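Just so we're clear, the structure is a prediction, and the values are computed from it rather than from any experiment. For ligands, and for the atoms within them, numbers begin at 1 and follow the listed sequence.
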Amino acid sequence: MPSRPMRAATALALVLMAGAGLASDLPRPLSDTDFLHDGAPGAVMVDLGRHLFFDPILSGNRNIACGTCHDPARGTGDGMALGFGEGGVGTGPDRTSGTGVTGRVPRNAQPLYNIGAREYRTMFHDGRLEPDPEGTFPSGFWSPARETLPDGLDSLLAAQAMFPVLSPVEMAGVTGTNPVATAVAEDRAADAWSHLADRLRGIPAYAAAFVAAFDDIDAPGDIRFVHAANALAAFQTVAFRSDRSPFDGALRAGDLAWLGPEAARGGRLFYGKAGCADCHAGPLLTDHEFHAIAVPQIGPGKGHGADTTYFAASGFSERLEDEGRFRVTFDPEDLFRFRTPSLRNVALTGPWGHSGAFDELGAMVRHHLDAVVSLDGYEAPPLPPVARVITRRGDGSTLLFRPLAPARQAAFAARDGHVQASPHLRGRIAEAAEIAPVDLTETELGDLLAFLDTLTDPTARDRSALIPRRLPSGLAPQPAPPRLRAR
Ligand code: HEC
Ligand code: HEC
């Protein structure tokens, strides 16, 4: 906490800098206290979280890790618009539907840079996990798990880590293939978490690490999945902190000129006439609010309700449009709103948008300039085929892992493009849009992109050194550590 006289001095400095131009509009630079644990959680806990993050042991069928979708060499994403989760094989854009998947992951994997910053008020594209100061639930968080989410979670980020392991398409798998998946399918989340905690308890090196990392663990029997979640949060806070970009230099200097003429012009547009900072504000370049900017919807959507009228057109009887924040609040104002993403390292985090609809950063920015026109003219880049799927045999008791028949493959492809192909559904997205068109010349757009490039922290380009070479579980880390990777 700065003392009173110091605060007064800062205020005076701001007044003086305002005279020099834009400096007063620039956010303040990040510092340790902006992060959980003041940026320095205990080393033992961080190391434990690091192993867990890359260990497929946390997935029902032991075949996918957090790191598979949040690859530290790929902008902490998977390089795909919409990835393949459990059942998929390979990493990055070459990942395939492998031995069989139920479908695509319906949203773009979010980047994790600076995710340990205290200013985060919600998690996920739709913010469906958020603190609950009223204490309605024992966990202290609003979430899809409601009263089932246990207490003992250190932070919002720790609470987030309770969820990927419950998602059938991401980590848990299909019911019947493993006890975690079956517990999830039967709405027994607590059992799914305790099953995973049992697994960790049974591995001596993990058990010892938990005992060493947590004061409230005296013996392996005390390990709960919330401890794993707390360790994962500690690791992510340290591992993905990223505040060494040229932009950070400019923040410390309080002057965009620091970035060189082209990017400085772009920065002035960003904080000025282009209006970007209306939403991409603060040191992380997000207001943490939800806005509808008509990003096209590709992929299967979030299954927001059954609706048989979709069957004739798409061969599926659930709704395919992803209504974003609306599905959390049920406030019509929130239709098709998504959380403003942080733009830190944005040049590394493509494809962009909640559905990964844009595979070029320039196209993503251009979309903002006239969102509805862009939506109407949008053509989706091809998605990798869903080639092998898991289906149930007639009586439902036997699972089949098999190639998708060509006719069915066409139906899957039609589903991926259905919302964009439907004038009615596209019209709903357009109608919700709240972003005003902006006129920029091509030169100005180039300047703006040059500015976005200065948000790249060179140390973020490849953090694959984070991946452990060996794991306590004896499973192969995902993704593979650098020297084992094929070139
Ligand atoms: C199959 C891919 C996949 C796996 C595996 C996965 N994630 Fe994610 N992650 C995603 C996607 C997709 C989202 C966005 C989901 C949404 O908005 O509905 C996301 C969102 C997040 C967020 C929220 C970020 C934000 O800005 O709000 C965090 C944190 C995160 N994941 C951490 C983890 C951790 C920790 C694990 C392992 C326990 C994990 N993820 C496993 C794909 C994955
Ligand atoms: C009205 C608020 C708003 C304004 C103004 C705005 N954005 Fe965005 N921006 C968003 C939201 C919300 C998203 C995510 C939309 C989605 O995924 O559906 C986004 C996404 C992005 C992305 C993709 C990031 C990612 O990780 O996928 C980039 C790049 C971007 N904006 C840059 C800009 C630039 C440059 C400007 C100024 C020309 C700008 N934005 C103006 C709200 C805004």
I'd like to know whether CG of D439 has more than 12 heavy-atom contacts from other residues, nucleotides or ligands below 6.0 angstrom. no
Can you tell me if CD on E431 sees more than 12 non-hydrogen neighbours from other groups inside 6.0 Å? no
Which one of G83, C66, G356, S59 has a non-hydrogen atom at the shortest distance from atom 34 (C) of ligand 1? C66
The test is side chain to side chain donor-acceptor pair (under 3.5 Å); show your working for R463 and T459 and say whether it passes. CA-CA 7 Å; R463 291 195 179 172; T459 73; 2.8 Å; yes
Using a distance threshold of 2.8 Å, what protein N/O/S atoms lie below it relative to atom 8 (Fe) of ligand 2? H280 NE2, H368 NE2
Close-contact set for ligand 2 against V346 heavy atoms, below 4.0 Å: 29 (C)
Mark the output for L129 as yes if a heavy-atom distance to ligand 1 is under 4.0 Å, and as no if none is. no
Is there a donor-acceptor pair under 3.5 Å between the side chain of H70 and the backbone N or O of Q110? yes
Looking at R121 and E289, is there a salt bridge between them, counting it only when a charged N and a carboxylate O are closer than 4.0 Å? yes
Test side chain to side chain contact (heavy atoms under 4.5 Å, CB included) applied to L452 and F247, step by step: CA-CA 9 Å; L452 294 183; F247 176 69; over 6 Å; no
Among all protein heavy atoms in this structure, tell me which lies nearest to atom 2 (C) of ligand 1, with the distance rounded to 0.1 Å. C69 SG, 1.9 Å
Side chains of R128 and M123: closer than 4.5 Å at any heavy-atom pair? no
Distance from atom 12 (C) of ligand 2 to nearest protein heavy atom, with residue and atom: F338 O, 3.4 Å
So the atoms of ligand 1 within less than 4.0 Å of a heavy atom of G85 turn out to be 1 (C)
For ligand 1, is I115 a contact, meaning one of its heavy atoms is under 4.0 Å away? yes
For atom 14 (C) of ligand 1, what's the nearest protein heavy atom and its distance? Q110 OE1, 3.3 Å
Tell me which protein heavy atom sits closest to atom 27 (O) of ligand 1, plus the residue, atom name and distance to 0.1 Å. F124 N, 2.7 Å
Where does N108 meet ligand 1, judged by heavy-atom distances below 4.0 Å: at the side chain, the backbone, both, or neither? backbone
Atoms in ligand 1 flagged as close to V105, the criterion being non-hydrogen separation under 4.0 Å: 1 (C), 12 (C)
Identity of the nearest option to atom 26 (O) of ligand 1, non-hydrogen atoms only, from E170, H354, R339: R339
Enumerated ligand 2 atoms positioned under 4.0 Å from heavy atoms of G275: 5 (C)
Looking at atom 22 (C) of ligand 1, what's its closest protein heavy atom, distance included? Q160 NE2, 3.4 Å
Note: L361, heavy atoms under 4.0 Å from ligand 2, region reported as side chain
Is there a salt bridge (charged side-chain N to carboxylate O under 4.0 Å, His left out) between E130 and R339 once you walk through the steps? CA-CA 13 Å; E130 52 192 312; R339 197 187 69 204; over 6 Å; no
At what distance is the nearest protein heavy atom to atom 11 (C) of ligand 1, and which residue and atom is it? A109 CA, 3.6 Å
Can you tell me if A65 has a non-hydrogen atom under 4.0 Å from ligand 1? yes
Atom 25 (C) of ligand 2: the protein heavy-atom neighbour that sits closest, reported with distance to 0.1 Å: W352 CD1, 3.5 Å
I'd like to know whether F290 forms a side chain to side chain contact (heavy atoms under 4.5 Å, CB included) with T122, so could you lay out the CA-CA distance, the side-chain angles of the two residues, the decisive distance to 0.1 Å, and finally the verdict. CA-CA 10 Å; F290 301 87; T122 71; 3.8 Å; yes
Taking side chain as C-beta onward, heavy atoms only, is S342 less than 4.5 Å from Y113? no
Could you check whether any heavy atom of L112 sits closer than 4.0 Å to an atom of ligand 1, since that is the contact criterion I want to use? yes
Roughly how far, to the nearest 0.5 Å, is the CG atom of D126 from the CZ atom of R327? 11.5 Å
Tell me the nearest of H70, M162, Q236, R107 to atom 16 (C) of ligand 1, using heavy-atom distances. R107
Residues F338, F124; criterion side chain to side chain contact (heavy atoms under 4.5 Å, CB included); working and verdict: CA-CA 9 Å; F338 293 89; F124 298 116; over 6 Å; no
Under the side chain to side chain contact (heavy atoms under 4.5 Å, CB included) rule, what do L466 and F53 come out as? Steps first, then yes or no, please. CA-CA 10 Å; L466 291 165; F53 192 86; over 6 Å; no
Please compare E86, M80, H125, R128 and report which has the shortest non-hydrogen distance to atom 18 (O) of ligand 1. R128
Under a 4.5 Å cut-off applied to non-hydrogen side-chain atoms, are N63 and P56 in contact? no
Under 4.0 Å from any heavy atom of L157, which atoms of ligand 1 are there? 29 (C)
Working for side chain to side chain donor-acceptor pair (under 3.5 Å), residues D453 and T456: CA-CA 6 Å; D453 262 337; T456 303; 4.6 Å; no
Decide whether a cation-pi geometry holds between R50 and F235; the criteria are a distance under 6.0 Å from NZ or CZ to the six-membered ring centre and an angle within 45° of the ring axis. no
With a 6.0 Å cut-off on the ring centroids, do F330 and F326 count as close? yes
